[in-house]
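Have a look at the structure below, then the notes.
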2 protein chains.
Amino acid sequence: MTGGNRVLVVDDDAGLARALAINLRAHGWEVTVAGTGAAGLDAAASARPDVVVLDLGLPDMPGLDVVAGIRGWSRVPIVVLSARQLGEDKVDALDAGADDYVTKPFAMNELLARLRAAVRRAQPAEADEPVVEAGELIIDLARRTVTRSGRAVRLSPTEWGLLEVLVRNRGRMVGRQQLLHDVWGPSYSSETNYLRVYSAQLRRKLEADPAHPRHILTHPGAGYRFEV
Amino acid sequence: MTGGNRVLVVDDDAGLARALAINLRAHGWEVTVAGTGAAGLDAAASARPDVVVLDLGLPDMPGLDVVAGIRGWSRVPIVVLSARQLGEDKVDALDAGADDYVTKPFAMNELLARLRAAVRRAQPAEADEPVVEAGELIIDLARRTVTRSGRAVRLSPTEWGLLEVLVRNRGRMVGRQQLLHDVWGPSYSSETNYLRVYSAQLRRKLEADPAHPRHILTHPGAGYRFEV
DNA sequence: GTGCGGCGTCAGGGATCCGTCAAAGGCCCC
DNA sequence: GGGGCCTTTGACGGATCCCTGACGCCGCAC
């Protein structure tokens, strides 16, 4: 995981804050907790979190002022927690500069997903090395394009998904279950037919001699490997 | 270092200002000093600093008025110095538009670090090229204008929102969910109809041949990409 | 030689997705 | 109240894609 993993939780409800902290830490986040808006502004400046979880119902100051205060000097993503069912203050929060909102009660998985999404959206400033060269192939992971000997290759969504997982793990064998999980989803752990069909389609489009592939190699009974 | 190295110090304490200037120059900064709020506003306009260090305890005018005065026409980062330990006027300063806050007494290294951070944060906002050329298109992100072969193109707010997200991520595919989130809001993660309608409208206005677009490309099942 | 399991190949039908169009509804300004 | 622009919604055709099942090939064990 290249992205950040520091989260600031601003919530005056000590019990909820503690539960959040435990759950977030269990999922790999480094958690800072602030119990008031003022402390939240402090912590946002000093702890430099990658994302902020902000409960709007703070005792010392309006939650929207906290949003505005942080937005005055930082573009860190802010996910707002709100008890209100009606959407009025959601709109206000978004106008003030929040990135997303979750209404209480909420499922922990939903919050985790929204945090990941918020951090991912904030990422694109820092790009790793997204272009891979493999012989006559050039694979641009950011652009989502493949060229073979200078000519663009059209890939279907699933073909690209499979290629992307293989290329991101280039030089290493990727197990069949991981491939199926990453490309098709969590519940496709045994449909190895898919891998046969799509590895063949990729080879037909990418390999000079599909019968003797040089990039997409098979590990019988185990998985596949992409070699540059 | 691409960023700037000019700092304006606004402080009525001549001794402290001199010590700051010596230290800052020793670390490569080009320093301007102003002893009053009025002189500070003047210098901020004439010296065009990359960052301002502002002591709140000025004799001639409230420090926050200096912050507001500068913010009226410039987004230069402002780091506030204050003797107060309590955080109340910290919030006020951040609300007024200050970027960071240091309480006296402070370690020189801390101030230096915060100045570097403030300049670094300010970079992407102003330093990125706000005018993008893509073939016969000229897109000015700051002025929110588009011209095609020299003729202005009128875009609706939503059309512009979509184009802006794509152009800011030019050369990278932007996922459908991110587009919907950034243009329509957090709760529109599945309304892919919008993308179909508005990408078509943009193409009709921007592409020479909307049927074979050269700038606004589709990645089926995934998202869209803007190519210069 | 024979059986067996795993992999590669192929083709077709149902499902999905995109681009397109048109019309209804909302909003603001006149 | 009326008109114009904008957003939203729904429906449709066409192209593409995904899944499925069957078959052939190869290597291995017996």
Side-chain angles (χ1 to χ4, degrees), chain A residues 87 91 144 146 152-166 173-177 179-185 187-226, chain B residues 144 146 152-166 173-177 179-185 187-226:
Chain A
V91 176
R144 212 172 225 249
V146 183
V153 180
R154 279 176 45 95
L155 294 184
S156 81
T158 306
E159 290 164 3
W160 171 263
L162 179 58
L163 179 65
E164 183 178 14
V165 175
L166 289 173
M173 191 210 72
V174 189
R176 293 188 294 202
Q177 295 197 6
L179 286 171
L180 287 164
H181 178 278
D182 290 356
V183 179
W184 278 269
S187 49
Y188 291 77
S189 49
S190 64
E191 312 283 339
T192 62
N193 294 334
Y194 300 178
L195 293 178
R196 292 210 300 269
V197 172
Y198 278 92
S199 61
Q201 289 185 1
L202 278 180
R203 284 200 256 243
R204 201 174 313 131
K205 292 186 177 181
L206 302 182
E207 301 277 5
D209 179 7
H212 302 90
R214 293 176 45 235
H215 301 299
I216 300 173
L217 291 335
T218 304
H219 287 249
Y224 291 82
R225 170 169 57 96
F226 186 91
Chain B
R144 298 176 76 96
V146 183
V153 180
R154 275 177 47 92
L155 294 184
S156 79
T158 305
E159 289 165 2
W160 171 261
L162 179 58
L163 179 64
E164 182 178 15
V165 176
L166 289 174
M173 193 213 68
V174 189
R176 294 188 294 200
Q177 294 199 4
L179 286 172
L180 288 164
H181 177 281
D182 289 357
V183 179
W184 279 270
S187 51
Y188 292 77
S189 49
S190 64
E191 311 283 338
T192 61
N193 293 335
Y194 298 179
L195 293 177
R196 293 209 299 270
V197 172
Y198 277 90
S199 62
Q201 289 185 1
L202 279 180
R203 287 205 259 246
R204 203 173 310 130
K205 293 186 176 182
L206 302 182
E207 300 277 4
D209 180 6
H212 302 91
R214 293 176 47 239
H215 301 299
I216 300 173
L217 291 333
T218 303
H219 288 261
Y224 291 82
R225 170 168 57 96
F226 186 90

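None of these values were measured; they are calculated from a predicted model. Numbers restart at 1 for each chain; the letters A, B, ... are given by sequence-line order, proteins then strands. Quick note: numbers below take in every heavy atom, side chains included, and nothing from hydrogens, waters or symmetry partners.
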Over how many whole Å does the gap from Leu202(B) atom CG to dT7(D) atom C1' extend?
14 Å
For Pro220(B) and Pro157(A), work out which heavy atoms get closest and say how close.
O-CG, 3.0 Å
Between atom CD in Gln201(B) and atom C1' in dC6(D), what is the gap in whole Å?
9 Å
Write down the distance between CG (Leu162(B)) and C1' (dC6(D)), rounded to a whole number of angstrom.
15 Å
All heavy atoms of Ile216(A) vs all of Phe226(A), minimum pair found to be CG1-CD1, 4.1 Å
Separation of dC17(D) P from Glu159(A) CD (nearest whole Å):
7 Å
For Tyr198(B) and dC18(C), give me the distance from atom OH to atom P, rounded to whole Å.
18 Å
Would one find a side-chain N or O of Tyr194(B) under 4.0 angstrom from OP1 or OP2 of dT7(D)?
no
So, Glu207(A) side chain and Arg214(A) main chain: donor-acceptor pair closer than 3.5 Å or not?
yes
State, to 0.1 Å, how close Glu159(B) and Leu155(B) come at their nearest heavy-atom pair, and which atoms those are.
OE1-CA, 3.3 Å
OH/Tyr194(A) to OH/Tyr188(A) distance, rounded to the nearest 0.5 angstrom?
5.5 Å
Nearest non-hydrogen partners of Leu166(A) and Arg225(A), listed with the distance
CD2-N, 4.4 Å
Worked check of side-chain contact (heavy atoms from CB on, under 4.5 Å) between Val146(B) and Trp160(B)
CA-CA 9 Å; Val146(B) 183; Trp160(B) 171 261; 3.5 Å; yes
Counting side-chain heavy atoms from CB outward, which of dC6(D), dT9(D), dT20(D) is closest to Ser156(B)?
dC6(D)
Would you mind reading off the distance between Arg225(B) atom CZ and dC18(C) atom C1', rounded to a whole angstrom?
17 Å
Using a 4.0 Å cut-off on protein heavy atoms (strictly under), produce a 5'-to-3' string for nucleotides 22-30 of chain C with B for base contact, S for backbone-only sugar-phosphate contact, and - for none.
---------
Taking every non-hydrogen atom, the tightest pair across Val165(A) and Val183(A)
CG2-CG2, 3.9 Å
If the helix axis at each end comes from five base pairs, how far does the helix from dG1(C)-dC30(D) to dC30(C)-dG1(D) deviate from straight, to 10°?
30°
What's the shortest heavy-atom distance between Met173(A) and Ala222(A), and which atoms?
SD-CB, 3.7 Å
Residues, nucleotides or ligands: over 12 heavy atoms within 6.0 Å of Gln177(B) CD:
no
What verdict does the side-chain contact (heavy atoms from CB on, under 4.5 Å) test give for Leu206(B) and Leu163(B), after you've listed the backbone C-alpha separation in whole Å, the side-chain angles of each residue and the deciding distance to 0.1 Å?
CA-CA 10 Å; Leu206(B) 302 182; Leu163(B) 179 64; 3.9 Å; yes
Check the distance between dC6(D)'s P and Arg204(B)'s CZ and give it to me in whole angstrom.
13 Å
Look at the side-chain N and O atoms of Trp184(B) and state whether any lies under 4.0 Å from the OP1 or OP2 oxygen of dT8(D).
yes
If we only count heavy atoms from C-beta on, is the Tyr224(A) to Tyr198(A) side-chain gap below 4.5 Å?
no
Atom-pair distance (CD on Glu191(A); C1' on dC18(D)), nearest Å
13 Å
What N/O pairs connect the protein and nucleotides 6-8 of chain C at under 3.5 Å? Give each pair on its own line.
unit_1: dC7(C); atom_1: OP1; unit_2: Arg176(A); atom_2: NH1; d: 3.3
unit_1: dC7(C); atom_1: OP1; unit_2: Gly221(A); atom_2: N; d: 2.6
unit_1: dC7(C); atom_1: OP2; unit_2: Arg176(A); atom_2: NH1; d: 3.0
unit_1: dG8(C); atom_1: OP1; unit_2: Arg203(A); atom_2: NH2; d: 2.5
unit_1: dG8(C); atom_1: OP1; unit_2: Thr218(A); atom_2: OG1; d: 2.7
unit_1: dG8(C); atom_1: OP2; unit_2: Tyr224(A); atom_2: OH; d: 2.9
unit_1: dG8(C); atom_1: N7; unit_2: Arg196(A); atom_2: NE; d: 3.0

When you get a sec, tell me which of dC18(D), dC5(D), dT7(D) is the closest nucleotide to the side chain of Pro157(B)?
dT7(D)
Nearest to the side chain of Arg154(A), which nucleotide is it out of dT16(D), dT20(D), dT7(D)?
dT16(D)
